[in-house]
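The structure appears right after this line, and notes come after that.
Throughout, a chain's letter reflects where its sequence line sits, starting with A, and its residues are numbered from 1.
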Amino acid sequence: MIRRIVVPVEVYRGHITEATREALVAARTVGNGVGEVVAYVYGEPPAEGTDVLELADRIIVLEDGQVGTPVAMAQAKLLRERIASSDVDLVLVGSSSWGWDVAPLLAGFLSAPLVANCQVIQHAEDVLKATCRICAGKLLVDVEITNKPTVILLLPGSYAHREVQPGKGVMERERVPASDWDARVEFKGWLEPEREDIDITQEEILVAVGRGIGQQENLELVEDLAKTLGGAVCGSRPVVDQGWLPPTRQVGKSGMIVKPKLYLAIGISGAPEHVEGMKDAELIVAINRDEQAPIFDVAHYGIAADLFDVIPALKEALVARRQEA
Amino acid sequence: MNILAVVRLVPDLVEPLVVTAEEDNLNWDQTAFTLNESDDHAVEEAILLKEKYGGHVSVVAFDFGDIDQVLYMLAAKGVDRVIKISWSHDEPPNSLEVARTLSRLVPKLNVDLVVIGCQSHTEFLGMAGPQLAVALNWPYVGVVRGVQEGGTAGRWTAFKEYPGAVLAQMEVSLPAVLGILTASQPPRYVPVSRIRAAAQSVRFETADTPAEIEEPPVKIQRVYLPPAVTHAEMLTGSEAEVAQRLVDILLARGVLK
Amino acid sequence: MQCGLCTSSCPLGDAMEYPPRRIIAEAWNNSLERVIHSPSVWMCVGCYTCSLRCPREIDLTDTVWPAVRDYALQEGIQPPPELRTAFQNLYLYGNVFGYSPRKRLDWARNLEVTVRDLSKSPEPVEVLWLVGCYPSYHPRNQVVARDMARILTALGVRWGILGKEERALGDCDRLFGEEGLFEMLVENNRRLFERFKFEKIVLLDPHAYRALEKFYPRFGASFPAEHYTTFLASRLDQIRPWLKKPINARVTYHDNCCVGRRCLCFDPPRQLLQAIPGVELVEMKRNREHALCCGGGGGGMWLDAFITEHGGRRLSDVRIQHALETGADILAVSCPFELSRFEDAVKVARAEDRLKVRDIIELLADSMGLGEGGGR
């Protein structure tokens with residue numbers, strides 16, 4: 001029986017992260033409505049966007065001093081006594097730069113097991129199982145969790161779209177004495193990168209064009225689609241060679257290696273040199289007139305149709321869906 | 001500044017992975033190994049720090065598989081000392097074993113900074129860097145891209161990477177453990193002739209701290225390959241139908257918000 | 001002599017800060033430190049034009065450039081990233097792609113002719129066929145490998161391959177100054193080849209052929225070798241009766257640098273093409289020893305981005321114009337790099353419906369009724 005699940009909340013530059021939201025959704029799902037979900041917020045919660053905290057039953061705001069600065073080690077340490085002394089079965093941490101530090105450090109501080117790269121947690125008949133995806137997604141491991149507490153570091157995506165009931169959402173505050181804060185690491189500020197163009201390796205959604213686009217004038221159609229999707233345009237080498245896109249947008253062996261959430265390949269045949277640059281994208285969708293095009297061997301979904309027909313239809317469908325929401 | 005870099009071998013994903021018939025482990029006999037990429041970066045960062053600020057770089061590794069070849073290559077790049085921890089098992093040490101063994105070795109080595117890759121293919125029931133830090137009671141910052149001297153009161157600065165290449169500037173009191181994601185520059189190329197020369201001249205030291213065996217406290221039930229996807233699922237129908245279907249997929253996969 | 005013929009012959013000479021003549025001048029002056037920091041060091045594509053034309057017969061391509069590059073590497077100069085990856089892949093996996101050696105035989109899966117894998121069952125053969133990295137792994141080139149297997153079988157040649165034990169011969173690494181890597185490959189290959197009994201080695205890759213023919217013997221590894229064009233041309237009488245299906249097309253042939261200009265071997269490929277019924281052979285205005293390199297040699301395959309960034313251009317884009325000017329329907333090639341380079345160039349030139357690129361092997365196989373149908 002799950003009694004209590006703790007979720008440390010990451011606030012990144014004034015916003016509660018999507019990774020935290022997923023961890024809260026996972027907590028509600030695994031708790032099956034019985035276990036209590038406790039969220040810890042470091043420092044004053046942000047002014048907006050705190051609805052997500054209502055997924056928790058108790059929201060404990062740790063206050064004062066440097067507690068709100070993003071120092072994973074010190075923040076993880078603050079949870080040590082709080083978790084050790086209560087009946088906590090699980091700590092769920094979302095994957096992020098912060099989460100990657102918090103989860104193992106907390107596991108170390110608690111002398112608790114860590115289960116990282118966790119894709120999904122199953123709780124059935126009092127048995128808790130997790131499936132982990134390792135080796136760059138090429139290997140799966142099922143584990144049984146018996147220790148309490150256990151710290152789980154979740155992979156993004158599995159709990160993104162589950163419907164769950166909200167929690168009780170009761171907020172409490174706790175003052176943290178300054179002596180409890182491990183000041184050996186201090187956060188001094190954020191540094192923005194200097195860039196002439198965007199860094200496509202950091203984009204989550206990429207719309208890639210190949211020779212199939214025909215002419216430079218047609219790029220506008222693709223840029224429009226990319227904008228609707230909230231992504232950026234990139235291309236295969238021939239498109240860059242022609243000067244239609246700058247080299248900063250080239251994907252492939254002699255360009256960049258990208259691993260976005262979505263790689264939409266439009267009019268790209270799928271030559272090995274290009275595939276090398278994008279084969280590890282999470283979701284690959286290809287549109288190409290030629291159903292024999294090798295891109296379909298690496299894509300997850302394919303549309304063998306004229307891109308000039310599909311792109312406008314896709315844009316329309318996206319806009320319509322957005323208006324519904 | 002004395003730096004210790006930890007390097008590990010991980011399964012080489014260029015080769016297809018093979019699982020045992022019982023699905024309880026990787027078939028280690030059929031697994032090829034390669035240097036863990038972020039450990040390669042950790043060594044590079046250590047050498048860069050030495051080149052910039054002076055000091056000494058040691059590398060430590062468990063004696064598993066073809067680690068010697070990797071160590072010759074690192075020696076050719078310019079590390080000062082190479083230490084091997086004896087290990088006589090068929091599978092490489094897990095992260096708990098790495099952390100526990102190193103936690104007993106590090107205090108004997110007079111180092112100010114331990115660098116280790118913050119990611120590794122087979123780490124999921126532990127993460128060596130942070131857990132080593134906890135065992136040593138040293139500070140830890142992970143996902144680091146670049147380290148610099150300078151900060152208040154003799155601290156060093158680690159740049160912690162966030163999405164969009166945004167960096168968090170973190171000042172760290174030494175001694176510390178840093179989990180490196182990428183070095184300040186890509187790991188340097190060293191010509192094969194240098195590697196071969198190093199193979200002739202470098203002498204490995206054996207750590208006088210024996211390896212500690214650690215069973216993970218989580219029960220592994222099944223180790224298996226994900227179902228193979230060989231071809232795209234083709235979406236058919238009119239453009240409007242196909243577009244709708246695609247939007248549904250994007251929503252279900254959490255791509256669209 | 002400082003005549004400057006090398007620089008003016010060099011297809012990328014105008015983009016180099018230190019073109020061939022200046023490199024020699026700096027070498028004489030003992031001031032190579034400046035040179036090794038310049039991007040010029042990585043811009044030679046190993047086309048041998050300078051070496052061919054030097055009145056003093058200075059072998060710039062095979063001697064001067066590798067030495068300068070070796071010096072650069074020893075001094076810690078970092079080669080361009082793509083090239084670095086290619087070297088590392090060669091070192092770790094024995095192929096430039098970084099693909100698993102276990103996948104080296106994938107091209108022959110479901111092949112209808114018998115493949116003698118000598119690494120599994122050694123037996124004496126007439127021809128040890130070294131397939132090469134590109135034909136083994138790259139989808140476009142795998143078609144050529146299969147057609148070659150069919151042709152050899154049809155001709156009754158007793159041939160064998162090394163299967164998953166085959167590794168790169170090396171040559172691009174040598175030209176690029178990675179002497180240590182080349183030596184390692186030679187040593188491993190010598191030990192490998194010595195295990196088998198064969199009359200000669202036949203290769204598809206002109207670079208590998210040249211390495212084997214000219215440089216391996218310096219390391220005590222002497223094996224009789226032929227490029228496939230020479231081998232097949234010597235069997236033309238046997239091949240001719242097979243060439244039944246006409247290929248009614250205007251065909252122009254691009255001379256590769258290693259077998260062509262470097263070995264002055266221009267006739268065998270033309271003999272093969274002219275034997276195919278229906279083929280009208282036309283010449284580009286720069287042909288034989290004056291052919292313009294496709295830019296893939298000497299590591300060039302991994303340097304297009306680098307070369308373009310530093311003021312050069314993709315030579316294959318220039319060369320494809322020469323081919324288009326002949327009005328040819330087919331551009332015939334005999335080097336694995338050229339297939340993808342020229343097919344890309346055709347795309348950039350928007351001439352996909354005008355010009356097709358085919359390896360001579362594909363054309364022969366088609367005419368022999370054995371062919372797969374070539375590329376897209």
Side-chain angles (χ1 to χ4, degrees), chain B residues 7 9-18 27 29-37 39-41 43-44 47-48 50-52 65-79 182-201 225 228 230-231, chain C residues 36 41-42 66-106 109 137 164 167-168 170 172-188 219 299 302:
Chain B
V7 301
L9 289 179
V10 291
D12 189 347
L13 300 183
V14 154
E15 306 284 354
L17 293 173
V18 180
N27 187 327
D29 283 340
Q30 294 205 40
T31 304
F33 291 91
T34 190
L35 172 60
N36 183 32
E37 194 183 334
D39 291 348
D40 195 12
H41 281 265
V43 174
E44 179 66 28
I47 298 177
L48 287 170
K50 169 184 142 173
E51 286 173 346
K52 212 163 162 191
D66 233 352
I67 193 71
D68 285 6
Q69 289 303 319
V70 169
L71 295 173
Y72 296 143
M73 188 261 296
L74 296 177
K77 288 192 185 186
V79 308
T182 42
S184 308
Q185 71 188 37
R188 65 196 60 194
Y189 183 77
V190 61
V192 172
S193 50
R194 280 266 178 88
I195 301 177
R196 295 174 116 196
Q200 301 300 319
S201 62
L225 300 172
T230 48
H231 194 269
Chain C
I36 60 174
V41 172
W42 311 108
V68 173
R69 287 160 162 177
D70 176 53
Y71 178 45
L73 288 177
Q74 296 296 333
E75 292 293 302
I77 306 289
Q78 296 290 293
E82 232 190 305
L83 195 61
R84 232 181 289 176
T85 312
F87 285 161
Q88 264 155 5
N89 290 336
L90 267 178
Y91 179 64
L92 292 172
Y93 305 107
N95 67 78
V96 285
F97 303 105
Y99 293 156
S100 164
R102 292 186 217 175
K103 295 197 163 177
R104 219 160 165 122
L105 262 185
D106 283 4
R109 205 176 287 161
Y137 291 111
K164 296 177 187 180
R167 299 287 183 271
C172 302
D173 39 295
R174 177 188 60 83
L175 284 173
F176 255 82
E178 245 293 13
E179 265 293 318
L181 180 54
F182 185 62
E183 250 185 71
M184 189 191 91
L185 291 171
V186 173
E187 274 168 32
N188 292 343
F219 295 89
W302 304 279

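If you tally non-hydrogen atom pairs under 4.5 Å between each of B:Ile195, B:Val190, B:Val14 and chain C, the highest count goes to B:Val14. Chain B forms more heavy-atom pairs under 4.5 Å with one residue of C:Gln78, C:Arg84, C:Lys103, C:Glu183 than with any other, namely C:Gln78.
The nearest pair of heavy atoms linking B:Gln30 to C:Arg102 is O-NH2, 3.4 Å. When all heavy atoms of C:Met184 and B:Val192 are compared, the pair lying nearest together is SD-CG1, 4.3 Å. What you find for C:Pro101 and B:Glu15 is that their closest heavy atoms are CD-OE2, 3.4 Å.
Judged as a salt bridge (charged side-chain N to carboxylate O under 4.0 Å, His left out), and not counting sequence neighbours, C:Lys164 has no contacts. Taking the side-chain hydrogen bond (donor to acceptor under 3.5 Å, both in side chains) definition, one finds that C:Tyr137 meets it with C:Asn95, sequence neighbours left out. B:Asp66 meets the side-chain contact (heavy atoms from CB on, under 4.5 Å) test with B:Gln69; sequence neighbours excluded.
Contacts with chain B (heavy atom to heavy atom, under 4.5 Å) involve these residues of residues 86-93 of chain C, listed by number: C:Phe87, C:Gln88, C:Tyr91, C:Tyr93.
At a 4.5 Å heavy-atom cutoff, the contact between C:Pro79 and chain B is made by side-chain atoms alone. Contacts of C:Glu179 with chain B are absent, with no heavy-atom separation under 4.5 Å from either backbone or side chain.
A distance-only check finds a donor-acceptor pair linking the side chain of B:Arg194 to the backbone of C:Gln74 [under 3.5 Å].
Here OH of B:Tyr189 is found 6.5 Å from CG of C:Leu73. Values are rounded to the nearest 0.5 Å.
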